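Structure first, then comments.
First the proteins, then the strands, lettered A, B, ... as listed; each starts at 1. Values reported hereafter were calculated over all heavy atoms of this structure, with side chains retained and with hydrogens, waters and symmetry mates removed. Predicted model, so just to flag it, every value in this text is computed and none were measured.
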Protein chains: 2
Amino acid sequence: MTVKLPELKQNFTESLSQISRFWGFPKGMGAIFGVLYLSPTPLSLDEIVEQTGLTKGAISTEVRTLARMGLVHRSSKLGDRKDYYEAETDFYQSIRSILKERQNSEFDRAVRSVQEMLTQLESDSVSGSEADVKFVRERVKALQEFFNAIDSLASAVIKLESLGITNVTRILKVLK
Amino acid sequence: MTVKLPELKQNFTESLSQISRFWGFPKGMGAIFGVLYLSPTPLSLDEIVEQTGLTKGAISTEVRTLARMGLVHRSSKLGDRKDYYEAETDFYQSIRSILKERQNSEFDRAVRSVQEMLTQLESDSVSGSEADVKFVRERVKALQEFFNAIDSLASAVIKLESLGITNVTRILKVLK
DNA sequence: TAGAACGTTTAGTAGTTACTAAACGAAGTA
DNA sequence: TACTTCGTTTAGTAACTACTAAACGTTCTA
């Protein structure tokens, strides 16, 4: 038995919606990316409206954050007042932009705050029983080191300049 | 100028709350983990109530999901009816449990769904213009390969048996 | 100038989430 | 037995989120 292409496309966008929601993004974002990703040509805002069922307003705002994350690109044709959007197909490129975007975020602020605590703890400027301070210092330090490791891993991914999937497989071999 | 230890601990748990929320978990979870992580001894439910300001009910449920993720461990003393909780300090161990937990989740279902589409597309069981089908097939395939790469990376992390941070640094050197 | 074709912003809403307060159950103790 | 002392479950709520519908501003066109 055969499946019709438009039907399959719809299933695809639904899957992307779920994935989007799972990672804490609005499901509409996944849907928008989905239709753009499966479109051979860039789509206008109204075409996205038609294919997702969302309203212009919602798409207008969500497409902007998608662009900020580097997952879609906005372009325009000469002599055409519409904006056109297309999906980024290099996912590693996207990851890079997302990670850059997350820089200077609430997350980073919190991590920096932990870093400051550690320096305080290491400079003996914390009052309390010797043993207690030592214990807390070691725990905080361990967490800080973990954060650093994650951070290095992230920036390592950022540095992977469009070498694609083969690179990841290379890493995995090393891990064996 | 010096800071008092309890004050610093409180700042710490607030930072963890923010980090928790950033990753899509309730901020209470971060706070609970925070006080457990900075406690030299396992804490009872009521002690956590006291230090976080949350109610027993909330902690009861959230501590359970923390345990399921392997971030805290529940234990009990003989002749003491209370349960005691302590934080896992091997973060790589925790990551492993979290990733295992996320297996069989909504995320995985969606990914499998995409996998099924791909097999359909590759077995010529999709009706539509030749060029269109080909285009969609290639796009879906690229996404699928990306998912596989991420998945391999995840299971590679799972396999890192308590080798700690040095291992991550090893990986990073390879990436250079 | 009026009007159409865009994208954006705003006000309002349905649904969800992270809690609290309190009832509940189980298990030990007098 | 009744009384504590635990942890759990449930009902309700305040705050937030992802939207919709519609007003709005801008730019092109007649």
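Nearest heavy-atom pair, Arg139(B) versus Tyr37(A), reported as atom, atom and distance to 0.1 Å: O-OH, 2.5 Å. Looking at every heavy atom in both residues, Lys82(B) comes nearest to Ser44(B) through CD-CB, 3.8 Å. The nearest pair of heavy atoms linking Val63(A) to Val72(A) is O-CG2, 3.9 Å.
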Q: Heavy atoms under 4.0 Å is the rule here; annotate nucleotides 17-27 of chain C 5' to 3' with B where the base is hit, S where only the sugar-phosphate is, and - elsewhere.
A: -SSBS-----B
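Taking atom CD1 of Ile59(B) as the reference point, atom P of dG7(D) lies 10 Å away to the nearest angstrom. Distance Asp83(A) CG to dT27(D) P: 13 Å, rounded to the nearest Å. For Asp46(B) and dT8(D), the CG to P distance is 12 Å, given to the nearest whole Å. What separates CD1 of Ile32(A) from C1' of dA18(D) is a distance of 11 Å, to the nearest Å. Separating the CG atom of Leu43(A) from the C1' atom of dG7(C) is a distance of 16 Å, rounded to the nearest angstrom. With rounding to whole Å, Glu50(A) atom CD is found 13 Å from dC6(C) atom P.
A donor-acceptor pair under 3.5 Å is formed between the side chain of Ser17(A) and the backbone N or O of Thr13(A).
Side-chain atoms of Met117(A) and Ser15(B), non-hydrogen and from C-beta on, do get closer than 4.5 Å to each other.
The aromatic rings of Phe22(B) and Phe107(A) sit parallel, their planes meeting at an angle under 30°, below the 60° perpendicular limit.
Taking the side chain to side chain contact (heavy atoms under 4.5 Å, CB included) definition, one finds that Ser20(B) meets it with Phe25(B), Met29(B), sequence neighbours left out. For Arg74(B), the salt bridge (charged side-chain N to carboxylate O under 4.0 Å, His left out) partners are Asp83(B), not counting sequence neighbours. Scored by the side chain to side chain contact (heavy atoms under 4.5 Å, CB included) test, Arg81(B) finds no partners at all (sequence neighbours excluded).
Residue Arg21(A) is classed as having no contact, given no heavy-atom separation below 4.0 Å to the nucleic acid.
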Q) So Leu38(A) and Val140(B), side-chain contact (heavy atoms from CB on, under 4.5 Å) or not? Walk me through it. A) CA-CA 8 Å; Leu38(A) 290 192; Val140(B) 173; 4.1 Å; yes
Q: Please lay out, stage by stage, how Leu121(A) and Val136(A) fare under the test side-chain contact (heavy atoms from CB on, under 4.5 Å).
A: CA-CA 8 Å; Leu121(A) 282 161; Val136(A) 171; 4.0 Å; yes
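Within a heavy-atom distance below 4.0 Å of DNA chain D, no residue of residues 73-80 of chain A is found.
Axis angle between the ends of the helix from dT1(C)-dA30(D) to dA30(C)-dT1(D), five pairs each and rounded to 10 degrees, works out to 20°.
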